[in-house]
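First up is the structure itself, then whatever we jot down about it.
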Amino acid sequence: MPAGLCWPAAAALALLFLALLLALCRHLWALRWSLSRDRASALPLPKGSMGWPFFGETLHWLLQGSSFHSSRRERYGNVFKTHLLGRPVVRVTGAENVRKILLGEHTLVSAQWPQSTQILLGSHTLLGSTGDLHRQRRKILSRVFCRAALESYLPRIQKVVSWELQGWCMQPGSIAVYSSAKTLTFRIAARILLGLRLEEKQFKDLAKTFEQLVENLFSLPLNVPFSGLRKGIKARDMLHEFMEKAIQEKLQRAISEEHSDALDFIINSAKEHGKEFTMQELKESAIELIFAAFFTTASASTSLILLLLKHPSAIEKIRQELASHELYPQHQNCPMAPCPGAGRDSEQQLLTTASDAHEDQSQLPDLIEETELGGGCSPDLPALLEPMHPSSSPQPRGCRCPLDISLEQLSRLRYLDCVVKEVLRVLPPVSGGYRTALQTFELDGYQIPKGWSVMYSIRDTHETAAIYQSPPGGFDPDRFNVTHLEAASRFHYIPFGGGARSCIGKELAQAILKLLAIELVTTARWELATPTFPAMQTVPIVHPVDGLQLYFHPLRPSHGGEA
């Protein structure tokens, strides 16, 4: 230490030197990306900040959530640059800008997920494929979501939704809706799409492993101990090991046409198109199917429940529409006699079975299968578990005749369709999509350099759309009841993306949400278990920060309606 320089002064000098060094590093980092602009184009790079060396603005993005993009959009405009997850990114908002990107697939841009996502999901997926390979895979997978396939899934989905919701109503305390919705959608994905027959412990272990995979899909590409990517790779390897065993068993069994699942459709469709999938391709396709149907649908389901709670008038309108189509109140119109074939002994057996299922749901898959094959009424678990009061007025038995709603019936429920669309507009599960620029092109007067990532914003585009009669910030399902709005809102409303990469499973997702809404409004009421509504987290999937704590109660059946 120089003579006469005290320790506080030395520390201050060291801090000043460190600050100057950091400022220099940040300046050189920004200069490095400024020099990467395409010099063949006279257009400037978009405004924005590239953050810190290597890390960019990733930490800001993860911590700030939706406010990260909205604050920068207000500062820099609808097109701005940043650096996320190890790559330079141009964030894009606005229908016209999004339209250019989505319709420019395979020419201007190509699908480009973060490196961590590519590593964890694999190269044999629809998400990761490009060009002719993408077209071929999409053609094969389209059979999974064709109308005939959806019709075959629908009755089984209804059974799962009914059983899960009755379980929510039996809980003595509050439930975390987001966690419960993930259980519901994972059960649909694993059992109905993949045909997996699991013990409840296996099911929970598999769901936990899959959740670990998804939580680390958007992480820094650092495969080092304790990193997010390393945790994701461990979860991926465990899932692949499980899926390989399940697929081998499936291939050894004869496929039943009556109860074909999505994996059966994929195997058969690939053969019809002259392609035999390898085990690795089948494993990655299975994981991708769960990924597509699990977290995003759980997010949308949670948002549906939250927004209906905030807007009870929408619940009443849904009930009125169901009543006009003779779909409500179905459970209140059940006959006073027991379910077909249910005598006193079988009624007691149902009571015991329901009570056991409430304590331990390990029997749930078998019970659901029995109701699928039996064709009779399914037991109303909350009603079965209620104590008997001999002095009370006569009540219909706890029998819920299955609705067996078809796709054609769902399509006639216009207001319900508007509600689902509005939920997906206000709280789209995925905030945006990734692409890579195949060539330098222009957006809003700026150049998008070849090789840079482009992230189009779904949420911001919805929030800034000016085509609706009511303000886009409010919840108004009737906005979608306007004639010819669908064509006008093609790129103002993009919860499922658009163009060549529009979500192939959007019809299935919407059907699940509609069936859940019908089951909710016809069998349950729900209320907030916390003083205020929770804030929403947007990365990587939209969900309430506290999981949305709610109390669920069964509607009491009576001759005159709700008691």
Side-chain angles (χ1 to χ4, degrees), residues 29 33 49-69 72 81-91 110-129 178-179 182 186 206-243 283-284 287-296 298-299 428-436 451-459 536-545 547:
W29 175 253
W33 292 111
S49 169
M50 303 304 282
W52 295 96
F54 185 73
F55 293 99
E57 294 193 298
T58 300
L59 296 179
H60 296 82
W61 174 56
L62 293 174
L63 293 174
Q64 295 176 15
S66 61
S67 63
F68 172 85
H69 298 294
R72 282 156 180 75
K81 69 176 184 288
T82 182
H83 194 281
L84 301 174
L85 301 173
R87 289 185 61 85
V89 177
V90 176
R91 172 83 172 192
S110 176
Q112 177 65 65
W113 288 76
Q115 189 177 350
S116 57
T117 308
Q118 298 177 56
I119 292 171
L120 296 180
L121 290 183
S123 58
H124 303 98
T125 60
L126 190 64
L127 286 174
S129 59
Y178 183 50
S179 176
K182 285 188 286 187
F186 189 82
L206 192 66
K208 184 178 179 181
T209 304
F210 197 86
E211 191 161 349
Q212 182 175 318
L213 173 78
V214 176
E215 284 176 350
N216 294 289
L217 279 177
F218 302 96
S219 54
L220 289 171
L222 293 173
N223 187 9
V224 296
F226 308 109
S227 68
L229 182 60
R230 178 67 63 86
K231 293 176 184 176
I233 290 173
K234 181 180 178 182
R236 179 202 65 189
D237 292 344
M238 291 172 65
L239 288 170
H240 279 191
E241 182 180 356
F242 176 88
M243 288 298 172
K283 287 189 295 187
E284 291 182 7
I287 299 298
E288 184 178 32
L289 275 175
I290 298 181
F291 171 65
F294 178 29
F295 262 64
T296 53
S299 168
V430 179
S431 60
Y434 282 93
R435 299 289 187 272
T436 291
W452 278 42
S453 292
V454 182
M455 185 179 182
Y456 69 90
S457 172
I458 294 173
R459 184 183 58 257
M536 301 299 288
Q537 184 173 323
T538 59
V539 178
I541 300 289
V542 172
H543 65 277
V545 292

Any donor-acceptor pair under 3.5 Å from [X] side chain to [Y] backbone:
X      : Y      : value
Thr436 : Ser453 : no
Ser116 : Leu220 : no
Arg87  : Gln115 : no
Trp29  : Met50  : yes
Ser299 : His543 : no
Arg435 : Ser110 : no

- Kindly indicate whether the side chain of Ile458, heavy atoms from C-beta on, has any atom under 4.5 Å from the side chain of Tyr456.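 SC-SC contact between Ile458 and Tyr456 confirmed.
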- Message: Any heavy-atom pair between the side chains of Met243 and Ile290 that's under 4.5 Å?
- Response: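 Result yes, sub-4.5 Å side-chain heavy-atom pair found.
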Shortest non-hydrogen separation from [X] to [Y] and the atoms involved:
X      : Y      : value
Ser219 : Leu229 : OG-N, 3.5 Å
Thr82  : Phe68  : OG1-CZ, 3.8 Å
Leu206 : Leu239 : CD1-CD2, 3.5 Å
Leu120 : Asn216 : CD1-O, 3.3 Å
Glu57  : Gly51  : CG-CA, 3.7 Å
Phe210 : Phe291 : CZ-N, 3.4 Å

Gap between atom [atom2] of [Y] and atom [atom1] of [X] - 0.5 Å precision:
X      : Y      : atom1 : atom2 : result
Thr209 : Asp237 : OG1   : CG    : 11.5 Å
Met238 : Lys208 : CE    : NZ    : 9.5 Å
Ile233 : Ser227 : CD1   : OG    : 7.0 Å
Phe54  : His83  : CZ    : NE2   : 8.0 Å
Trp52  : Thr58  : CH2   : OG1   : 14.0 Å
Phe294 : Glu211 : CZ    : CD    : 5.5 Å

- Could you point out which residue of Glu288, His240, Glu241 forms a side-chain contact (heavy atoms from CB on, under 4.5 Å) with Lys283?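 Of Glu288, His240, Glu241, side-chain contact (heavy atoms from CB on, under 4.5 Å) with Lys283 is met by His240 alone.
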- Would you please test Thr117 and Leu85 for side-chain contact (heavy atoms from CB on, under 4.5 Å) and show each step? CA-CA 10 Å; Thr117 308; Leu85 301 173; over 6 Å; no
- Query: Do Arg91 and Ser457 have side-chain N/O donor and acceptor atoms under 3.5 Å apart?
  - Reply: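 Present: a donor and an acceptor within the cut-off.
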- Intermediate values then yes/no, side-chain contact (heavy atoms from CB on, under 4.5 Å), Trp452 and Lys81: CA-CA 10 Å; Trp452 278 42; Lys81 69 176 184 288; 4.1 Å; yes
- Task: Determine whether more than 12 heavy atoms belonging to other residues, nucleotides or ligands lie under 6.0 Å from atom NE2 of His124.
- Result: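 Atom NE2 in His124 is packed in, count exceeds 12.
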